[in-house]
Structures are given as C-alpha cells and as structure tokens.
Amino acid sequence: MVDADAADWLDQWVQAWGDKMTHLAYTLTADRTLAQDVAQEAFLRLYRYHQDHPEVEIAAGWLYTVTRNLARDALRQRRRRRDHMTEKLEDGVQDSFEHTSTHRLMVQQVLQTLPKTDQECLSLFYFADYSVEQIAWRLHLTPTAVRTRLHRARRRFADHWGGLHDEQP
C-alpha cells in the first residue's frame, strides 16, 4: 500500500526533476524510450530509498548519480545483448564466411566512393542501428533532413553498387 504522504513527496520530486533526469538519461543513451525507462527506474529507487531511510535528507545529486549509473548500465546491457546476438549470427553462418567477407569488402568499397555525409548517415543507420531521430540529434539536423539524406545516399549507393557489379566478370 502506498502512503499518501510518500506519494505526494515523490510527485514533488518528479515534477521538479523528471524532465531533467530524462534529459540526462537521453544525453547518455541517445534513445528516448530507454531514457524514459531509466528516469522511471531512478525515481522508483528514490522512492524505495526514502521509504527505507525516511530520516535521511536526499539531495538532487543523489538522483543525478543514480540516473547516470542506470543509463550506463543500460548501455552496457544493450552492448552485451548485441555482442551475444552477433556471436549467434556468426555461429550460424560459418559456412558463408567467405561470401560474407567478400560482401563486406564490397560494401565498404562502395561506401568509400560516396560523399562523407552519405557515408555517415548510412553507417549510423545501418551499422550503428541509430534511429532517424538519433542521427538527427547527433548530426544537428532535423529528422526530415536525415530522411532526405538517407534517401539520396541509398540511391547513390545503389547506383555505385550496380556499377561495381557491372564491372565484375
């Protein structure tokens, strides 16, 4: 059962610090959904700590530290999941390793023929798995500008890819 005074206390903290903690988490993770989850978990921990230690005066720095640590943990966990998935994929495609190697080299070769902005957008979108919004934030562009760049970059890539295959015997 939630104590009404504790709920009011938590609500005051969320009103005062919610946006700041979400922004901090977003700055560290570059993922809005993950940032919201991190901030929510930080406030849950704040609530639990207050329930366990009502005599302790909690400072905003405590909440900043918890939010920062949770965001870093979430990034580590995401990286571990990605590494695990990569291992699984590599185990499953051992037979096609040479084909994959050659294919990667060809992709890299075509990417290098493109303008730097195209390389950056395509790499962030396809290899780093960034969303359009994350790319926009990172490159200081609007999401519409990123979509336009991605569209043009894909078209240039396809043109160069086709030219590369035309040269193959």
Side-chain angles (χ1 to χ4, degrees), residues 14-46 63-169:
V14 171
Q15 291 298 318
W17 298 97
D19 290 341
K20 291 176 179 106
M21 294 305 110
T22 303
H23 181 71
L24 171 65
Y26 180 73
T27 300
L28 296 169
T29 64
D31 182 326
R32 287 189 202 290
T33 304
L34 184 58
Q36 291 169 343
D37 290 345
V38 164
Q40 183 177 5
E41 179 64 25
F43 282 106
L44 181 60
R45 290 188 183 191
L46 173 74
L63 188 59
Y64 269 98
T65 300
V66 169
T67 303
R68 185 192 69 226
N69 290 343
L70 287 170
R72 288 178 178 169
D73 289 347
L75 287 174
R76 273 189 227 107
Q77 190 175 30
R78 180 192 292 169
R79 199 171 301 122
R80 269 185 255 143
R81 271 197 312 266
R82 248 189 217 144
D83 291 347
H84 180 71
M85 289 172 59
T86 302
E87 284 176 22
K88 287 281 194 196
L89 285 171
E90 287 173 355
D91 288 346
V93 294
Q94 282 296 354
D95 297 338
S96 63
F97 179 73
E98 269 193 43
H99 171 73
T100 303
S101 274
T102 305
H103 191 268
R104 282 185 195 162
L105 287 173
M106 290 170 64
V107 168
Q108 287 299 327
Q109 184 180 7
V110 172
L111 272 177
Q112 290 174 356
T113 66
L114 300 176
K116 290 289 182 204
T117 56
D118 290 356
Q119 290 178 34
E120 192 169 28
C121 280
L122 290 173
S123 294
L124 289 172
F125 189 78
Y126 289 104
F127 299 122
D129 212 20
Y130 277 38
S131 68
V132 168
E133 289 77 19
Q134 290 168 326
I135 296 169
W137 180 79
R138 182 172 179 148
L139 300 179
H140 307 288
L141 299 169
T142 64
T144 303
V146 171
R147 284 186 201 92
T148 301
R149 283 186 182 194
L150 280 169
H151 175 75
R152 291 176 182 160
R154 286 183 194 114
R155 192 173 56 225
R156 285 186 193 107
F157 184 91
D159 291 345
H160 287 271
W161 185 262
L164 183 67
H165 283 290
D166 292 343
E167 295 171 10
Q168 299 285 331

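The first residue in the sequence is number 1, and the count goes up from there. Everything quoted here is computed from the prediction, not taken from an experiment.
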ask   = Taking C-beta and beyond as the side chain, do Phe125 and Val146 meet within less than 4.5 Å on heavy atoms?
value = no
inquiry  = Give me the atom names and distance for the closest heavy-atom approach of Trp137 to Thr27.
reply    = CH2-O, 4.1 Å
query = About how many Å separate CD of Glu41 and CG of Asn69, when rounded to the nearest 0.5 Å?
reply = 12.5 Å
request  = Compare every heavy atom of Leu111 with every heavy atom of Ser123, then report the nearest pair and how far apart it is.
outcome  = OG-CD1, 4.2 Å
inquiry  = Give me each pair satisfying side-chain hydrogen bond (donor to acceptor under 3.5 Å, both in side chains) with a member in residues 14-25, each pair once, sequence neighbours excluded.
reply    = none
remark   = In terms of heavy-atom contacts, Ala71 and Val38 come closest through N-CG1, 3.8 Å
ask   = Considering only heavy atoms from C-beta outward, does the side chain of Ile135 approach that of Pro143 to under 4.5 Å?
value = no
note = Between the OG1 atom in Thr29 and the CD atom in Gln134, the distance rounded to the nearest 0.5 Å is 8.0 Å
task = State the CZ-OG1 distance between Arg156 and Thr113, to the nearest 0.5 angstrom.
result = 10.5 Å
key: Atom pair SG (Cys121) and CG (Leu114), whose distance is rounded to the nearest 0.5 Å   = 11.0 Å
note = Value for CG (Leu75) from CG (Leu70), rounded to nearest 0.5 Å, stands at 11.0 Å
message = Can you tell whether the side chains of Glu120 and Lys116 come within less than 4.0 Å, N to carboxylate O?
response = no
inquiry  = Under 6.0 Å from the ring centre and within 45 degrees of the ring axis: does the NZ or CZ of Arg152 meet both conditions for the six-membered ring of Phe157?
reply    = no
query = Mind checking whether Tyr64 and Met21 have side chains closer than 4.5 Å, heavy atoms only?
reply = yes
key: Point-to-point distance, once rounded to the nearest 0.5 Å, from CG of Leu34 to CG of Leu28   = 10.0 Å
key: Heavy-atom side-chain proximity of Tyr26 to Asp31 below 4.5 angstrom   = no
task = Give me the one residue out of Arg32, Arg138, Arg147 that meets salt bridge (charged side-chain N to carboxylate O under 4.0 Å, His left out) with Glu133.
result = Arg147
